[in-house]
Enquirer: 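First the structure, which I've put down as structure tokens, then a few questions once you've had a look.
Only a predicted model underlies this, so the values are computations on that prediction, with no experimental measurement involved. Only heavy atoms go into these numbers, but all of them, side chains included; no hydrogens, no water, no symmetry mates.
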Amino acid sequence: MLISGIREFDKKRKKIILDEGAESFLLYNGELRTLALREGEELSGAQREKIFEEILKPRAKKKVLYYLKDSDKTSAQIRLKLKQGGYPQEIIEDALAFLERHRFVDDKRYAETYTGELKGKKSRREIIAKLKERGISGSDIQEALENLNPEDEYAACEKALRGRLGRKRTELSDPDRQKAYAFLARKGYSYDAIEHAFHALVSDGFSQDFMQEV
């Protein structure tokens, strides 16, 4: 493979570009000097394998383990993190296989845990959106949603409505009621959940007239 470019990435690292961008990776300046790589020269298969096996794969594994130190991450989040770090696709897949093999990464477990944290706080639609943002697959999302029940949706909707209205209010104008309803609908709450939330306000001192007008 031809080393078609060696570009400065930051003060400590250089980007090695092979075959006009077909593949690239980052090396520290000291590593580059030790390997004596030069632009315009050929990189043999043995040299590439040595770089990948002895430098990039161990470094990627160390990086992802550090990334997972404080909280679980999804496969998609880890893949993006490594891509941003300049790792080739082969190295990214190797690191993910290592994590999955040792169960450091499990998207199904992540989806179930995250759904459990959000139930009673977010609507079903909001939970789905957040899981998709994290790269969770549709099948894992559907399995995680089996842990939800209507009471969770009711509790989340009521909490959202109380937060919208404030604790001290006991009356609402027609426009205010319509805005509150639209606010909950945009968040993905069902008609039943919204109706349940409005009825729950009676216990906070809202009049029956208010409920009849909803």
Side-chain angles (χ1 to χ4, degrees), residues 9-10 12-13 15 21-26 52-53 55-164 180-194 196-197:
F9 184 79
D10 54 30
K12 296 181 179 181
R13 294 176 293 176
K15 184 176 183 179
E23 187 171 75
S24 65
F25 51 86
L26 302 181
F52 275 43
E53 294 296 328
I55 298 176
L56 298 182
K57 286 185 179 181
R59 181 175 295 156
K61 290 170 184 175
K62 183 177 180 180
K63 183 178 180 66
V64 293
L65 288 175
Y66 181 81
Y67 185 46
L68 288 165
K69 180 170 64 71
D70 295 324
S71 63
D72 283 344
K73 303 292 189 301
T74 66
S75 298
Q77 289 172 321
I78 291 169
R79 185 174 277 106
L80 177 60
K81 188 73 172 179
L82 290 174
K83 185 175 181 180
Q84 290 172 338
Y87 289 92
Q89 191 63 33
E90 179 182 330
I91 303 300
I92 293 173
E93 298 306 325
D94 178 79
L96 280 168
F98 163 77
L99 293 176
E100 291 170 359
R101 191 161 58 247
H102 295 282
R103 294 190 60 79
F104 290 123
V105 169
D106 185 328
D107 284 356
K108 184 179 293 187
R109 181 186 65 204
Y110 182 100
E112 291 174 352
T113 300
Y114 194 64
T115 299
E117 292 174 355
L118 293 183
K119 70 178 183 181
K121 301 175 184 177
K122 299 289 184 183
S123 72
R124 184 184 182 91
R125 192 171 77 186
E126 287 177 305
I127 292 173
I128 292 173
K130 287 185 175 294
L131 290 173
K132 285 183 177 180
E133 286 174 5
R134 287 157 175 77
I136 301 296
S137 69
S139 59
D140 287 340
I141 290 175
Q142 288 306 312
E143 286 192 36
L145 293 178
E146 292 176 3
N147 295 324
L148 299 179
N149 55 57
E151 286 71 27
D152 296 322
E153 185 88 348
Y154 291 166
C157 188
E158 183 180 338
K159 182 177 180 179
L161 180 59
R162 292 178 190 277
R164 172 79 177 187
Y181 194 103
F183 166 76
L184 295 173
R186 286 195 301 272
K187 283 185 167 293
Y189 291 106
S190 66
Y191 171 81
D192 287 344
I194 295 173
H196 182 276

Enquirer: According to salt bridge (Lys or Arg N to Asp or Glu O under 4.0 Å), does anything in residues 110-119 pair up with another residue at least two apart or in another chain? List the pairs.
Expert: none

Enquirer: Hey, what do you get for CG (Asp106) to OG1 (Thr113), rounding to the nearest 0.5 Å?
Expert: 9.0 Å

Enquirer: Return all side-chain donor-acceptor pairs below 3.5 angstrom for residues 182-190, not counting sequence neighbours, or 'none' if the list is empty.
Expert:
| unit_1 | atom_1 | unit_2 | atom_2 | d |
| --- | --- | --- | --- | --- |
| Lys187 | NZ | Glu126 | OE2 | 3.2 |
| Tyr189 | OH | Ser123 | N | 3.4 |
| Tyr189 | OH | Ala156 | O | 3.3 |
| Ser190 | OG | Ala193 | N | 3.2 |

Enquirer: So Thr74 and Ile136, side-chain contact (heavy atoms from CB on, under 4.5 Å) or not? Walk me through it.
Expert: CA-CA 7 Å; Thr74 66; Ile136 301 296; 3.5 Å; yes

Enquirer: Roughly how far apart are Asp107 CG and Ile141 CD1, rounded to 0.5 Å?
Expert: 10.0 Å

Enquirer: Applying side-chain contact (heavy atoms from CB on, under 4.5 Å) to Tyr67 and Gln77, what does each step give before you reach the verdict?
Expert: CA-CA 10 Å; Tyr67 185 46; Gln77 289 172 321; 4.2 Å; yes

Enquirer: Output all residues satisfying salt bridge (charged side-chain N to carboxylate O under 4.0 Å, His left out) with Lys63, sequence neighbours left out; order by chain, then residue number.
Expert: none

Enquirer: Count the heavy atoms of every other residue, nucleotide or ligand shown that sit under 6.0 Å from CZ of Arg101, and state whether that count exceeds 12.
Expert: yes

Enquirer: According to the ring-ring contact (aromatic ring centres under 6.0 Å, His included) rule, which pairs have a member within residues 107-133, sequence neighbours left out?
Expert: Tyr110-Tyr114

Enquirer: Determine the minimum heavy-atom distance between Ala144 and Thr115, stating which atoms define it.
Expert: CB-OG1, 3.5 Å

Enquirer: Just grab all the salt bridge (Lys or Arg N to Asp or Glu O under 4.0 Å) pairs involving residues 69-78, residues at least two apart or on different chains.
Expert: none

Enquirer: At what distance, to the nearest 0.5 angstrom, does CG of Asp152 lie from CG of Leu145?
Expert: 11.0 Å

Enquirer: Please enumerate all residues that pass side-chain contact (heavy atoms from CB on, under 4.5 Å) together with Ser139, with sequence neighbours excluded.
Expert: Ser137

Enquirer: Are there over 12 heavy-atom neighbours, none belonging to Lys61, within less than 6.0 Å of that residue's NZ?
Expert: yes

Enquirer: Within this structure, what is the CG-CG distance for the pair Leu82 and Leu56, rounded to the nearest 0.5 Å?
Expert: 11.0 Å

Enquirer: Are Val105 and Val64 side-chain neighbours, meaning at least one heavy-atom pair lies under 4.5 Å?
Expert: no

Enquirer: Yes or no on side-chain contact (heavy atoms from CB on, under 4.5 Å) for Leu131 and Asp140, after CA distance, side-chain angles and deciding distance?
Expert: CA-CA 9 Å; Leu131 290 173; Asp140 287 340; over 6 Å; no

Enquirer: Ignoring hydrogens and angles, tell me if any N or O in the side chain of Glu153 forms a donor-acceptor pair with the backbone of Arg124 under 3.5 Å.
Expert: yes

Enquirer: What distance separates Leu161 CG from Glu158 CD, expressed to the nearest 0.5 Å?
Expert: 8.0 Å

Enquirer: Taking side-chain hydrogen bond (donor to acceptor under 3.5 Å, both in side chains) as the cut-off, I'd like each qualifying pair that reaches into residues 79-88, sequence neighbours left out, listed once.
Expert: Arg79-Glu93

Enquirer: Is the ring pair Tyr154/His196 parallel, tilted or perpendicular, if the boundaries are 30 and 60 degrees?
Expert: parallel

Enquirer: Taking only residues two or more places apart in sequence, or in another chain, which ones meet Lys132 in a salt bridge (charged side-chain N to carboxylate O under 4.0 Å, His left out)?
Expert: none

Enquirer: Just to verify, what does Arg13 make a side-chain hydrogen bond (donor to acceptor under 3.5 Å, both in side chains) with, not counting sequence neighbours?
Expert: Asp10

Enquirer: For the residue pair Arg109 and Arg103, what are the closest heavy atoms and their distance?
Expert: NH1-O, 3.4 Å

Enquirer: Taking only residues two or more places apart in sequence or in another chain, which ones pass salt bridge (charged side-chain N to carboxylate O under 4.0 Å, His left out) with Glu151?
Expert: none

Enquirer: Measuring from Glu143:CD to Lys108:NZ, what's the distance to the nearest 0.5 Å?
Expert: 4.0 Å

Enquirer: Residues in salt bridge (charged side-chain N to carboxylate O under 4.0 Å, His left out) with Glu90, at least two apart?
Expert: Arg48

Enquirer: Can you sort out the partners of Phe9 under ring-ring contact (aromatic ring centres under 6.0 Å, His included), two or more places apart, ordered by chain and number?
Expert: none

Enquirer: Quick check: closest heavy atoms across Gly135 and Ala76, and the distance to 0.1 Å?
Expert: CA-CB, 3.7 Å

Enquirer: Test side-chain contact (heavy atoms from CB on, under 4.5 Å) on Leu99 and Leu65; report intermediate values, then the result.
Expert: CA-CA 8 Å; Leu99 293 176; Leu65 288 175; 4.0 Å; yes

